[in-house]
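In what follows, a single structure is set out as structure tokens and then discussed.
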Protein chains: 4
Amino acid sequence: MNDIGQGTGSAAGSKRKDARRNRQTLLDAAAAVFVTSGVEAPVRDIAAKADVGMGTIYRHFPTRADLVIAVYRHQVDACAEAGPALLATGPTPHAALGRWIDLFVDFLVTKHGLAAALQTDNADFETLHAYFLDRLLPVCTQLLDAAAASGEIRSDLNAYQLMRGVGNLCIGADSDPRYDARRLVELLVAGLRQPR
Amino acid sequence: MNDIGQGTGSAAGSKRKDARRNRQTLLDAAAAVFVTSGVEAPVRDIAAKADVGMGTIYRHFPTRADLVIAVYRHQVDACAEAGPALLATGPTPHAALGRWIDLFVDFLVTKHGLAAALQTDNADFETLHAYFLDRLLPVCTQLLDAAAASGEIRSDLNAYQLMRGVGNLCIGADSDPRYDARRLVELLVAGLRQPR
Amino acid sequence: MNDIGQGTGSAAGSKRKDARRNRQTLLDAAAAVFVTSGVEAPVRDIAAKADVGMGTIYRHFPTRADLVIAVYRHQVDACAEAGPALLATGPTPHAALGRWIDLFVDFLVTKHGLAAALQTDNADFETLHAYFLDRLLPVCTQLLDAAAASGEIRSDLNAYQLMRGVGNLCIGADSDPRYDARRLVELLVAGLRQPR
Amino acid sequence: MNDIGQGTGSAAGSKRKDARRNRQTLLDAAAAVFVTSGVEAPVRDIAAKADVGMGTIYRHFPTRADLVIAVYRHQVDACAEAGPALLATGPTPHAALGRWIDLFVDFLVTKHGLAAALQTDNADFETLHAYFLDRLLPVCTQLLDAAAASGEIRSDLNAYQLMRGVGNLCIGADSDPRYDARRLVELLVAGLRQPR
DNA sequence: CATGAATGAGCTTTCATTCAT
DNA sequence: GATGAATGAAAGCTCATTCAT
């Protein structure tokens, strides 16, 4: 409020633009580091990759969860948004559910350590966990309810458990060639089907 | 001379008894610490709990994996041994498989951090991973084969993947009241069933 | 803006000054500790002496060799640079060699444990060893060659061996009043003289 | 005492013999370990090699120096005893000195870490140092005096310094193929010669 | 006497987080 | 706002030495 004499609005504008650019640099760097070292990579590494001081990271993303969320927000959002569309176009609700889960798995499986971080009881990641649930749980619930309503699947598993199970199945999937998370998830989803 | 069947030699007998007691103290302490802090708990903590120097732990269990294996060996063995029995008594192979997996899940779910450790790519736990596989994979394979042979289940999932999936589903199960690993595993196993 | 010629960039200038002061504190502390406890003194001790966290040492000097080199760099460089001058001014090349070696000995003899560290096969000190050789071997070679060319000394000892011998003779010289490394080195150099 | 039926007095005899054998086993093991790991090898390793408890080592050789001395005693003694003989047979006292020193060097150079241990200020090795001096200093003095008396060498270097110098030159000689301690010692001894 | 288990100080190294500049 | 230096708690691991059996 007391920044009289700072110049015109455009000055503040460029400031903001700078900050925004910086933020994006950070996100890109973090994404890159997460791929190679996982989401628990040392803050220093990320700062180095972004060519930025560590303080800058803490300023933009006070907790690690904030950073992780920011990095994956777009993809999580895209996943969330895909739900209704799939439901509308899918042959059946259960099929839509399956395809939506595939989307989620595709996302998780390619994020080194993300699935594990989501399940960890580490306090650092509580917010991360919460974000994913906030965003995806309603969608999953909708799909699940639809599938249950159509009689295709049993209705005794809630979306939280399903998402948790799927997330769990994705843990470590990228580092073990003998394991195929997609396959396992497929079986899990198959298991949901109403026993004739 | 009258300790035939006692093991290796008699000279060190008295010493042996002490060491054995100590070893047990250690295992108990480790088990206790594992429950609260997970299998990655600092060696120091375990030593403290056992009221023992850290060196003592390293003497008995040179690597962390050795300790973890020792702590859970009996239960893993029991699980392994239960396989054939279940197969013999179960109504069907698939039912036997389900019950055997329940056993495994019951075990894992109560061991804070074990399931996660099994899936970690941390070199410390390689041996642990190997031990579980050595012990349980053959049993699982046998059950799976039998179920496949009986035509109850699809035969396109190998035991490794199944165990990995089940193990994954157990991660973090003890610290989240909203999640029921047993339930998810049940669905997974159901998903194995031959589609009509 | 007026720090032209100060080094790399101006933005970090103020920071740099601080760090530089700290670096110097570290070097002083290390030098002091080295005097009393030798160059293998615990990192903690050096940090304590400098009244600094241990991390600070690791930041400035990632390996122990880096620290040791930094502590002695000036003196090693001075020694290296003295070579050509001595050669130019000395009555004979052999005399110059002798005086140059005296310089080296004076340096080594006052550095508790340095001579020993130079000869140790401890991997930590490889770099240190290399640094000394890089810096001093060429100089020694030059002097040795000149003396050989002048016919004063035998030419069948290379500079590496000479330096190693001299270095060895300096080991422990500071802690044994009955031993006079300078004297021994003098004899060694005398032994180089061409047998009439 | 309650080993009635063990036999006659010969039992005690065998006891002693046992102890002696044990002692020898220890020395052999230590010698072997010293070769590969140096004289500072962990006590445990030596005990293991000897297939003996660590307590046994401490009983026989309370300090490390005691053990080292015992291991090398014969060779040190042999070296000491060779002195007078060489003096009697050598062409000149200086030649005898040179040959005696060669003997010493041959001994030292083949004992990984011994030369360094002799020069260390580590309190553990004080006794070792003392033993070597006790045994060899008189011999060296005798040879040196004779050579000085014959006018072959300068008389201003005492035996202690000479031995120390020679010892120093042997440090690390076995692990550096570019360094030839014998050569350097030869030069040192040459340097002793009375300048014309 | 011998054994070897136990002790625990001592060292190294890594990083999350803070904060002076 | 940005920087990155500094901090210092944590953990791991090793061995000399003691001492109960």
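Naming: A, B, ... by sequence-line order, numbering from 1 per chain. As the structure is a computational prediction, the values presented were derived from the model and not from experiment.
Toward the 5' end of DNA chain E, the nearer of the two residues A:Tyr58 and D:Val52, judged by each one's closest nucleotide, is D:Val52. Comparing A:Gly55 and D:Arg64 by the nucleotide of DNA chain F whose heavy atom lies nearest to each, the residue mapping closer to the 5' end is A:Gly55.
Applying the side-chain hydrogen bond (donor to acceptor under 3.5 Å, both in side chains) rule to pairs touching residues 63-72 of chain C yields C:Thr63-C:Asp66, sequence neighbours excluded. Residues in residues 35-50 of chain B take part in no side-chain hydrogen bond (donor to acceptor under 3.5 Å, both in side chains) pair, two or more places apart or across chains. Applying the side-chain hydrogen bond (donor to acceptor under 3.5 Å, both in side chains) rule to pairs touching residues 115-125 of chain B yields nothing, sequence neighbours excluded. Pairs passing the ring-ring contact (aromatic ring centres under 6.0 Å, His included) check and including a residue from residues 30-70 of chain B, sequence neighbours excluded, do not occur.
If you take CD1 on C:Ile46 and CG on C:Asp28, they are separated by 12.5 Å, rounding to the nearest 0.5 Å. Rounded to the nearest 0.5 angstrom, D:Leu118 CG and D:Phe132 CZ are separated by 5.0 Å.
Closest to the side chain of D:Val43, out of E:dG4, F:dA16, E:dT17, is F:dA16. Listed nucleotides: F:dA16, E:dA5, F:dT3. Nearest to the side chain of D:Met54: E:dA5.
Distance CZ (B:Arg59) to P (F:dC15): 13 Å, rounded to an integer number of Å. What separates CD1 of A:Ile46 from C1' of F:dT3 is a distance of 17 Å, to the nearest Å. Separating the CG atom of B:Asp45 from the P atom of F:dA9 is a distance of 16 Å, rounded to the nearest angstrom. Spacing between atom CD1 of B:Ile57 and atom C1' of E:dT7 amounts to 12 Å, rounded to whole angstrom units. Protein atom CZ of B:Phe61 is 13 Å distant from nucleotide atom P of E:dA5, rounded to whole Å. Atoms CG (B:Asn122) and P (F:dA11) sit 15 Å apart, rounded to a whole Å. Following rounding to the nearest Å, B:Gln24 (CD) and E:dA6 (P) show an atom-to-atom distance of 13 Å.
Across all strands, B:Asp51 comes closer than 4.0 Å only to sugar-phosphate atoms, never to a base (heavy-atom distances). If you check every strand for non-hydrogen atoms under 4.0 Å, B:Arg23 touches nothing.
With sequence neighbours excluded, no residue forms a side chain to side chain donor-acceptor pair (under 3.5 Å) with A:Glu126. Not counting sequence neighbours, D:His129 has no partner by the side chain to side chain donor-acceptor pair (under 3.5 Å) test.
For the residue pair C:Val35 and C:His112, the shortest heavy atom distance occurs at O-CB, 3.4 Å. Between C:Gly113 and C:Val39, the closest heavy-atom pair is O-CG2, 3.6 Å. Nearest approach of A:Thr127 to A:Ile69, heavy atoms of both residues: O-CD1, 3.7 Å. Across all their heavy atoms, B:Ile57 and B:Ala47 have their closest contact at CD1-N, 3.4 Å.
Considering only side-chain N and O atoms, B:Thr56 lies nowhere under 4.0 angstrom from the phosphate OP1 or OP2 of E:dA5. For F:dG1, the OP1/OP2 oxygens have no side-chain nitrogen or oxygen of A:Asn22 closer than 4.0 Å. Here C:His60 reaches the OP1 or OP2 of F:dA6: one of its side-chain N or O atoms lies under 4.0 Å away.
Listed by residue number, the members of residues 124-132 of chain D with any heavy atom below 4.0 angstrom from DNA chain E form an empty set. Interface residues of residues 26-42 of chain B facing DNA chain E, ordered by number: none; criterion, heavy-atom separation under 4.0 Å.
A donor and an acceptor atom sit less than 3.5 Å apart, one in the side chain of B:Arg44 and one in the base of F:dG12.
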Pairing annotation in dot-bracket form, given for DNA chain F with Watson-Crick or G-U pairs under 3.5 Å and | for cross-strand partners:
.||||||||||||||||||||
